[in-house]
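Below: the structure, in C-alpha cells.
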Amino acid sequence: MNAWIVYENGNTQRNYKFIRHWINLGKEKGVKFKLVLSDQLFYGVENNKLALKLKDKDERPDFALMRLSAPFLSQHMEDMGIPVFNNAHVAHICNDKRLTHAYLAGQVPMIDTAFVDISSKTAPFKYPVVVKASNSCGGRKVFLCKDDQEYVEALKLCYPDTAVVQPLSDTLGKDVRVYVLGNKILQPMMRFSTDGDFRSNIGQGGDATPFELDLETKKYVEKIISNFDFSFVGIDFIFNKGKLLFNEIEDAVGTRMLFAHTAIDPVQEYLNYIIKQLG
C-alpha cells in the first residue's frame with residue numbers, strides 16, 4: 001500500500017522525527033509512506049477531468065495522511081476516490097475557528113466568541129480580550145489585547161485571515177486537550193504555561209501532564225464526536241469560572257506531549273486505525 005504524508009513546505013524540519021516514525025512504522029505494516037509537500041502538487045482540472053500530479057507526474061496514493069490545513073486539497077483528493085485522514089469535512093470545519101464555534105453552538109458550552117473582520121477598530125467585549133486568526137493553530141497568531149491600539153495591531157497581524165475575539169478567561173496559561181481517535185477518547189492532557197504566557201501550547205514553551213475528565217466534560221466530548229467522523233484530532237477546552245468550556249478542535253494535531261508524558265505511541269495507534277478503516 002502506497003501512502004502520502006502531506007506537509008506544507010517549511011514545516012518538515014521540526015517534525016523530522018515524527019515523519020521518520022511514520023515511515024518506519026509503515027514499513028513494518030506494509031505501508032510505503034512518501035513525504036509530499038503541498039507545493040509539489042498540481043491539482044485541478046485537466047482534459048475536463050479532475051487531475052492530481054506530483055512533480056508533474058500523474059500519481060495517486062492509496063490514501064493520504066494530511067498534516068496541514070488544506071481542506072480544498074483534501075476535498076479534491078476525496079472527489080478522486082482517495083481516502084484522506086482526517087477527512088475533508090473535518091478539515092473544512094475544524095481549521096476555521098468561526099465555523100467550529102458556529103457548528104457546535106448550542107451543543108456544548110463555550111466562551112462568548114465574536115467573528116470579526118480585520119478592519120474592526122474596537123473589541124466587541126470589555127478588555128482584555130484574546131484575538132485569534134480564524135485559521136491559526138499551535139498558539140500562533142493568538143494575541144492578548146488590553147486596549148484598542150493593541151486590538152487593531154493584533155488584527156493587522158492576522159492578515160489576510162479573519163479573526164475570532166473572546167473575553168479573557170479567568171484561568172490563564174492552562175487548558176485541556178482531549179485526544180480523540182476515531183469515535184473514542186484516546187487520552188486527555190492538561191497543558192500549562194511554564195513562563196507566565198497566557199497561552200499553554202507546547203509549541204509556545206508549555207508543558208503537559210495526563211488529566212482525568214469529569215463526567216460532564218466527557219459527555220461534551222462525546223457530543224462533539226457525534227457531530228463528526230474523526231480520524232485523529234485534539235479537542236481543546238479552557239478553564240473559566242471553575243468549569244471547562246469548549247475552545248477549538250485541532251485537525252493536524254501535534255502529539256509531542258503524548259510521547260513525552262504517556263506510554264501511548266500515537267503514530268502506531270493512528271496507523272492501526274487507518275489500516276483497519278481501509279481493510
Side-chain angles (χ1 to χ4, degrees), residues 69 71-72 74-75 86-118 120 122-137 139 141-143 145 151 155 158 161-172 174-191 198-201 211-253:
S69 173
F72 194 83
S74 295
Q75 186 63 61
N86 284 298
N87 65 48
H89 176 70
V90 170
H92 174 63
I93 299 294
C94 299
N95 284 298
D96 187 325
K97 300 182 194 307
R98 300 166 304 169
L99 289 176
T100 309
H101 282 278
Y103 195 76
L104 293 172
Q107 301 191 63
V108 293
M110 59 183 71
I111 201 162
D112 290 346
T113 303
F115 310 148
V116 303
D117 186 86
I118 57 172
S120 173
T122 302
F125 306 111
K126 183 180 177 180
Y127 293 106
V129 298
V130 176
V131 173
K132 307 175 186 178
S134 298
N135 298 104
S136 64
C137 63
K141 290 192 176 183
V142 176
F143 310 98
C145 304
Y151 176 73
L155 289 177
C158 290
D161 203 356
T162 56
V164 299
V165 181
Q166 297 170 331
L168 186 65
S169 71
D170 64 6
T171 305
L172 304 184
K174 185 171 73 170
D175 70 1
V176 170
R177 168 163 290 172
V178 183
Y179 285 96
V180 171
L181 181 65
N183 62 354
K184 304 289 186 184
I185 294 173
L186 180 64
Q187 176 65 54
M189 301 289 293
M190 184 174 73
R191 303 184 298 182
F198 75 100
R199 298 166 297 181
S200 57
N201 304 76
F211 183 81
E212 186 172 343
L213 295 177
D214 59 78
L215 290 177
E216 185 178 37
T217 306
K218 187 176 180 180
K219 288 180 181 177
Y220 293 144
V221 173
E222 291 169 348
K223 181 63 176 177
I224 294 169
I225 291 172
S226 73
N227 278 268
F228 294 92
D229 182 18
F230 289 135
S231 298
F232 184 56
V233 300
I235 303 175
D236 294 350
F237 294 83
I238 57 174
F239 291 91
N240 192 59
K241 297 181 180 179
K243 290 186 173 292
L244 282 169
L245 301 180
F246 170 75
N247 191 36
E248 58 191 39
I249 303 173
E250 288 284 343
D251 168 23
V253 63

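For His89, the NE2 atom is densely surrounded, since the number of other residues' heavy atoms within 6.0 Å is greater than 12.
When all heavy atoms of Asp251 and Cys94 are compared, the closest pair comes out as CB-CB, 4.5 Å. Closest heavy-atom contact between Cys158 and Phe143: SG-CE1, 4.0 Å. Across every non-hydrogen atom of Met189 and Tyr179, the tightest pair is CG-CE1, 4.0 Å. Considering every non-hydrogen atom in both Phe237 and Ile235, the closest pair reads CE1-CG2, 3.6 Å. Between Leu245 and Ile111, the shortest heavy-atom distance links the atoms CD1-N, 3.9 Å. The nearest pair of heavy atoms linking Asn227 to Tyr103 is O-OH, 3.4 Å.
Within the 4.5 Å cutoff, no side-chain heavy atoms of Leu104 are placed close to those of Lys223. Under the 4.5 Å side-chain criterion, counting only non-hydrogen atoms from C-beta, Phe228 is not in contact with Val233. When side chains are defined from C-beta on, Leu213 counts as touching Val176, because their heavy atoms get closer than 4.5 Å.
Considering His101, Arg177, Lys97 as possible partners of Glu248, the one that fulfils the side chain to side chain donor-acceptor pair (under 3.5 Å) test is Lys97.
Within the model, atoms CG of Leu244 and CD of Glu216 stand 9.0 Å from one another, a figure rounded to the nearest 0.5 Å. Between the OG atom in Ser74 and the CG atom in Asn86 there is a gap of 8.5 Å [rounded to 0.5 Å]. In this structure, the separation between CD1 on Ile238 and CG on Asn247 is 5.0 Å, given to the nearest 0.5 Å. The distance from the CG atom of Leu99 to the CD1 atom of Ile93 is 5.0 Å, given to the nearest 0.5 Å. Atom CD of Glu222 sits about 5.5 Å away from atom CD1 of Ile185, to the nearest 0.5 Å.
A donor-acceptor contact shorter than 3.5 Å links the side chain of Asn87 to the backbone of Asp229. Under a 3.5 Å cut-off, the side chain of Asp96 and the backbone N or O of His92 do not form any donor-acceptor pair.
Between Tyr151 and Tyr127, the angle of the ring planes goes over 60°, which puts this pair in the perpendicular group of the 30/60° scheme.
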Side-chain polar contacts of residues 161-170 - donor-acceptor pairs under 3.5 angstrom, sequence neighbours left out - could you list them?
| from | atom 1 | to | atom 2 | distance (Å) |
| --- | --- | --- | --- | --- |
| Asp161 | OD2 | Ser134 | N | 3.1 |
| Asp161 | OD2 | Asn135 | N | 2.7 |
| Thr162 | OG1 | Arg98 | NE | 3.3 |
| Thr162 | OG1 | Arg98 | NH1 | 3.2 |
| Thr162 | OG1 | Ser134 | OG | 2.7 |
| Gln166 | OE1 | Lys132 | NZ | 3.1 |
| Gln166 | NE2 | Thr113 | OG1 | 3.1 |
| Ser169 | OG | Thr171 | O | 3.2 |
| Asp170 | OD1 | Lys241 | N | 3.1 |
| Asp170 | OD2 | Lys241 | N | 2.8 |

